[in-house]
Amino acid sequence: MMTTRRTSLLLALALASQHAAADITAADVKKYSSAQKWEDAERSTLKMPVDDIVPISYSLPKSGGPACGLLARGPKSLVFFDILSGDDGNYPYCGNVSKVVAFKLAGKSYLAFEFWHQELRDEAFDDFFYVRRDDAGYWQEAKDVSDRAKEDTMPGNIKDSIRNVRANHMAKSFPGQQMLYRDFIGDDDGAFGVLSRPNTCTFVVDAATTRATFKHEDFAPGQPCSTFVASSRFDKGAIAYYIGLFDGPQKKRQLALFSVSHNVIKAEKDLAAQAASKGQLADIKSVKQFLTTAAKP
C-alpha cells in the first residue's frame with residue numbers, strides 16, 4: 001500500500017498549495033454570518049486539507065433548528081454552499097459535519113463531506129456533500145455527482161460514498177452496459193470497474209491521470225464472458241495489480257489481470273496465462289498466492 005500512501009500525501013500537498021494565502025478565518029465567518037443575520041454561527045473544528053473552504057454551523061432566525069454549509073473563497077468575495085437547512089423551525093436539521101476526504105476524479109480536485117442529516121424526529125442518517133475545484137481554482141458544488149449504487153440505497157460511510165461516485169462516473173462512459181457495483185474497486189490513486197452485458201465483460205482501469213479499457217476477449221479470445229466471479233487488488237512494491245475472475249463456457253475459469261505503475265496501465269496477458277497453466281485460478285486467494293512469487297515488485 002506504499003503507492004497509495006505516497007499518492008495520498010502528494011494529493012494533500014497539492015490541495016494545500018492551492019489558494020494557500022486565501023484561507024477562511026474566524027473573522028470571515030463572523031462577518032458573513034452577520035450579513036446573513038444568522039444566529040449562533042460557528043466555524044467547524046474539523047481539520048481541513050485546504051484553507052480556502054470551511055464547514056460552518058448556524059441557525060436561521062426563529063428557525064430553532066441547526067443548519068450547516070460551507071464557506072469558501074470566491075474570485076471576488078466569499079461563496080456559501082448550503083449543505084442542509086430547514087425553514088421556520090421545520091426539519092431537516094444538520095447535526096454536524098464530521099468528516100472530509102480529498103480525492104481526484106477525472107483530473108479534478110474534489111472534497112467529500114460527511115454530515116448528520118436529521119430528516120424527521122425519528123429519521124436520521126449520515127449523508128454526504130461534494131465540491132470540486134473549477135478551472136480557475138475555486139470551489140463549486142459538484143451537483144452532477146451521484147453516490148447511489150441503487151436509487152433507494154444510501155452508502156454506509158464516506159469511503160463507500162466516494163467509491164460509488166467513482167463507479168457512477170465510470171459507468172456514464174459506457175451506456176448500455178451494467179456496472180457491477182459489488183466488484184468495483186475505488187481508492188485514493190485509482191479505480192477498477194467491471195461492466196457487463198450478455199456474454200461480454202468490459203474492464204476499465206483508472207490511474208491518477210489515465211484510463212484504459214479492455215474486453216474479456218483480450219484474455220479469452222473467441223470465448224464469451226458468461227459470469228463475472230470476483231475482483232480484487234494486489235500491491236507488490238510500486239505496482240498495483242487489478243484482478244478479475246470470470247467464467248466462460250462450462251464454467252471454465254479465466255483471469256483478466258492488469259498492472260498500474262507510474263500511471264502506466266498494462267494488460268498482463270502473459271502473467272494471466274501463467275496463472276492458468278499452474279492451476280491457480282480457483283479464487284482470488286489462489287491468484288494472489290501466484291502473484292506473490294510471479295509478479296514483478
Side-chain angles (χ1 to χ4, degrees), residues 8-63 65-88 92-117 126-147 158 161-162 164-166 168-169 172 188 208-209:
S8 299
L9 177 60
L10 291 174
L11 174 58
L13 291 173
L15 283 165
S17 68
Q18 296 175 314
H19 297 276
D23 58 308
I24 303 295
T25 66
D28 288 325
V29 175
K30 183 177 181 180
K31 182 178 179 180
Y32 190 90
S33 61
S34 295
Q36 303 300 315
K37 296 182 169 47
W38 291 340
E39 299 174 349
D40 305 319
E42 290 185 350
R43 173 177 172 166
S44 171
T45 58
L46 182 67
K47 185 176 181 180
M48 294 291 294
V50 293
D51 295 324
D52 59 340
I53 186 170
V54 295
I56 63 173
S57 60
Y58 65 97
S59 295
L60 297 171
K62 300 180 181 180
S63 77
C68 61
L70 303 170
L71 195 60
R73 187 69 65 185
K76 295 182 179 180
S77 60
L78 295 174
V79 178
F80 179 72
F81 304 106
D82 181 35
I83 293 180
L84 188 65
S85 59
D87 295 324
D88 300 324
Y93 295 166
C94 179
N96 182 37
V97 180
S98 57
K99 294 178 183 178
V100 59
V101 174
F103 67 100
K104 287 276 193 179
L105 179 63
K108 300 282 188 179
S109 296
Y110 283 76
L111 294 176
F113 294 88
E114 182 174 316
F115 65 98
W116 186 245
H117 184 144
D126 289 323
D127 208 345
F128 311 94
F129 189 87
Y130 286 81
V131 295
R132 64 167 166 257
R133 285 201 188 275
D134 61 19
D135 292 339
Y138 297 100
W139 294 107
Q140 61 179 201
E141 183 179 350
K143 295 181 179 180
D144 57 333
V145 304
S146 171
D147 65 358
I158 197 167
S161 176
I162 295 172
N164 288 350
V165 165
R166 289 188 181 279
N168 287 330
H169 183 271
K172 287 180 182 178
D188 292 339
T209 58

_Main chain of His117, side chain of Asp127: is a donor-acceptor contact present, judged purely on distance under 3.5 Å?_
no
*For Trp38, enumerate each residue passing the ring pair (Phe, Tyr, Trp, His ring centres under 6.0 Å) test, keeping only those at least two apart in sequence or located in another chain.*
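Ring pair (Phe, Tyr, Trp, His ring centres under 6.0 Å) list for Trp38, sorted by chain: Tyr32, Tyr58, Phe80.
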*State, with a plain yes or no, whether a side-chain heavy atom of Arg133 is found less than 4.5 Å away from one of Asp52.*
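Contact flag for Arg133/Asp52 side chains = yes.
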Could you measure the distance from the [atom1] atom of [X] to the [atom2] atom of [Y]? Nearest 0.5 Å is fine.
X: Leu71; Y: Ser33; atom1: CG; atom2: OG; value: 9.0 Å
X: Cys94; Y: Trp116; atom1: SG; atom2: CH2; value: 11.5 Å
X: Asn96; Y: Ser44; atom1: CG; atom2: OG; value: 6.5 Å
X: Arg73; Y: Leu78; atom1: CZ; atom2: CG; value: 5.0 Å

*Are Lys108 and Asp135 close enough, and set up right, to give a side-chain contact (heavy atoms from CB on, under 4.5 Å), and what steps lead you there?*
CA-CA 9 Å; Lys108 300 282 188 179; Asp135 292 339; 2.4 Å; yes
*Would you please name every residue forming a salt bridge (Lys or Arg N to Asp or Glu O under 4.0 Å) with Asp82, sequence neighbours left out?*
none
*Given the rule in the side-chain contact (heavy atoms from CB on, under 4.5 Å) test, do Glu114 and Leu46 qualify, once you have shown the distances and angles that lead to the verdict?*
CA-CA 11 Å; Glu114 182 174 316; Leu46 182 67; over 6 Å; no
*Verify side-chain contact (heavy atoms from CB on, under 4.5 Å) between Val131 and Tyr110, making sure each step is shown before the conclusion.*
CA-CA 6 Å; Val131 295; Tyr110 283 76; over 6 Å; no
*Under the side-chain contact (heavy atoms from CB on, under 4.5 Å) rule, what do Ile24 and Val29 come out as? Steps first, then yes or no, please.*
CA-CA 8 Å; Ile24 303 295; Val29 175; 4.2 Å; yes
_Partner of Trp139 by side-chain contact (heavy atoms from CB on, under 4.5 Å), out of Leu111, Leu70, Val79_ = Leu111
*Are Arg43 and Asp28 within salt-bridge range, i.e. N to O under 4.0 Å?*
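A salt bridge is absent here (no side-chain N lies under 4.0 Å from a carboxylate O).
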*Within 6.0 angstrom of Gln140 CD, more than 12 heavy atoms from elsewhere*: yes
*Atom of Ser59, atom of Gly65 and distance for their closest heavy-atom approach*: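 The answer is OG-O, 3.7 Å.
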*Which of these, His169, Arg132, Lys172, sits in a side chain to side chain donor-acceptor pair (under 3.5 Å) with Asp144?*
Arg132
